[in-house]
There are 2 protein chains.
Amino acid sequence: MAQTLFQKLYSHPLMTPQDLDEIASLHQRMVLSKNDMLLQEGKTANAYYLVEKGLIRFFVHDLDGNEITTQFICENEIANEVSSLFQRLPSVQNIQSVTDAVVWKIEFNDFQHLYHSMESIREWGREWMSRQLFQTQQRSIEMITHSASMRYLQLIEHRPQIVQQAPLKQIASYLGIADTSLSRIRKEMITN
Amino acid sequence: MAQTLFQKLYSHPLMTPQDLDEIASLHQRMVLSKNDMLLQEGKTANAYYLVEKGLIRFFVHDLDGNEITTQFICENEIANEVSSLFQRLPSVQNIQSVTDAVVWKIEFNDFQHLYHSMESIREWGREWMSRQLFQTQQRSIEMITHSASMRYLQLIEHRPQIVQQAPLKQIASYLGIADTSLSRIRKEMITN
DNA sequence: AGCATTTCTTGACATAGGTTAAGTATCCTT
DNA sequence: AAGGATACTTAACCTATGTCAAGAAATGCT
């Protein structure tokens, strides 16, 4: 049931059941097919999404036009292109469903109203962004300190949904390696 | 004069001169010597710092105990270990002056009061965090898509203060390469 | 000023991961 | 079910960067 999704994702010490109801009432359920686009580069984000079911990814294009997957959003996580949504700027990122999916959408204007009228969601929002920043920094650090195969092993361990549902090419670009290299790493993991 | 520092760093459409005065009055000037620690890993951050003069860095320790510089904070930028300060958690990062420096400190409690009483700083804060997130993501992407020498060239071009003031070893770990490799890259840049 | 420490450079060698290209398997579409 | 596109694997070869070790240069300390 979706109620538990909101409870899980909007959890914060200051959050009351009434706050949660008000927040939830502003979300709208959406059913996505595989490869549906939720945001395209060049456009300004107008909403963010709670992922109930399925897998979502963020990607950018590099100088040669190749897609680089920059984030995977799993079930019970939030897909939000913060710098476009909150700075009202055109996005460099794309957001796309990797699988069929069910998400709950909230519009910028509705969130904005909550943010300035409800202390709990303000604190929640700042904490959520802090966690995002932390995770993004951790990922940078791991790109520096861990080998490609270590990074793949960590992914298997900590975010198995990705390994199970995303195509190899997307996982490879997310790990910062060529797809042939990931294929080789998989092979070596089996034989050794 | 420090007034321009606050104007520059706290700029936002909603920010009034009175807001700015109130904010500025809560900052305290600090003079730092080279290598002073502003935050140590394991402790919880209780303030953030506007950098007026000098260079600051963030670093973590990897599994072998080596220091990895994760961020440089130049003049007219803000040194804030967000995930410790706003989640009230022990920091994994250290903050240290690279050179002698002058910074303006604001305590968490004072900021917290502003954040819940002043719309402009709320909006400013969210935008600042959005920009941080964007920059951190861009850095991740560049670690994937650019070679080490490209990353070094970009650093020279976009953040010359770092190249001029930080020791090679810190720059190398920031770029994700061995210090001997950076030395070689420098040499090749001169001869070619 | 002189010694110790740290920082930086250089070179020989090793290796993870990139590139290219070909083959196989899987998935869609009609 | 057939045909074409896409996804994945494999292999040969290449290159950027890592590792280690030694020396030179710069810096800091007493």
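These values consider heavy atoms only, across backbone and side chains, with no hydrogens, waters or symmetry-generated copies. Note on naming: letters A, B, ... go to the chains in the order of the sequence lines (proteins, then strands), and numbering restarts at 1 for each one. None of these values were measured; they are calculated from a predicted model.
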#### Entry: Polar side-chain atom of B/E67 near backbone of B/H61 as donor-acceptor pair, under 3.5 Å
no
### A/K169 side chain near D/dA7 phosphate (N/O to OP1/OP2, under 4.0 Å)
yes
### Task
Ignoring backbone atoms, test whether A/R186 places a side-chain nitrogen or oxygen under 4.0 Å from the OP1 or OP2 oxygen of D/dT9.
yes
### Query
Where along nucleotides 15-30 of chain C does protein come under 4.0 Å, by heavy atom, of base (B) or sugar-phosphate alone (S), with - for untouched nucleotides?
--BBBBB------S--
### Message
It should be established whether A/K187 places a side-chain nitrogen or oxygen under 4.0 Å from OP1 or OP2 of nucleotide D/dA11.
### Response
yes
### Task
Return the value, rounded to whole Å, for the distance between atom CE of A/M189 and atom C1' of D/dT9.
16 Å
#### Entry: Test of ring centre spacing under 6.0 Å for B/W104 and B/Y49
no
### Distance in angstrom units between B/Y152 OH and D/dT17 C1', rounded
17 Å
### Query
Whole-Å distance between C/dT10 P and B/L168 CG?
12 Å
### Query
For B/Q28, does the CD atom sit with more than 12 other heavy atoms under 6.0 Å from it, leaving out its own atoms?
no
### Message
We want to know whether B/T69 and B/R57 form a side-chain donor-acceptor pair, criterion being a heavy-atom distance below 3.5 angstrom.
### Response
yes
### Query
Between CE of A/M150 and CG of A/L175, what distance do you get to the nearest 0.5 Å?
12.0 Å
### Minimum heavy-atom distance B/Y10-B/M15, with the two atoms named
O-CE, 3.4 Å
### Query
When the distance from CE of B/M143 to C1' of D/dA16 is rounded to whole Å, what number comes out?
14 Å
### Distance in angstrom units between A/I144 CD1 and D/dA16 C1', rounded
17 Å
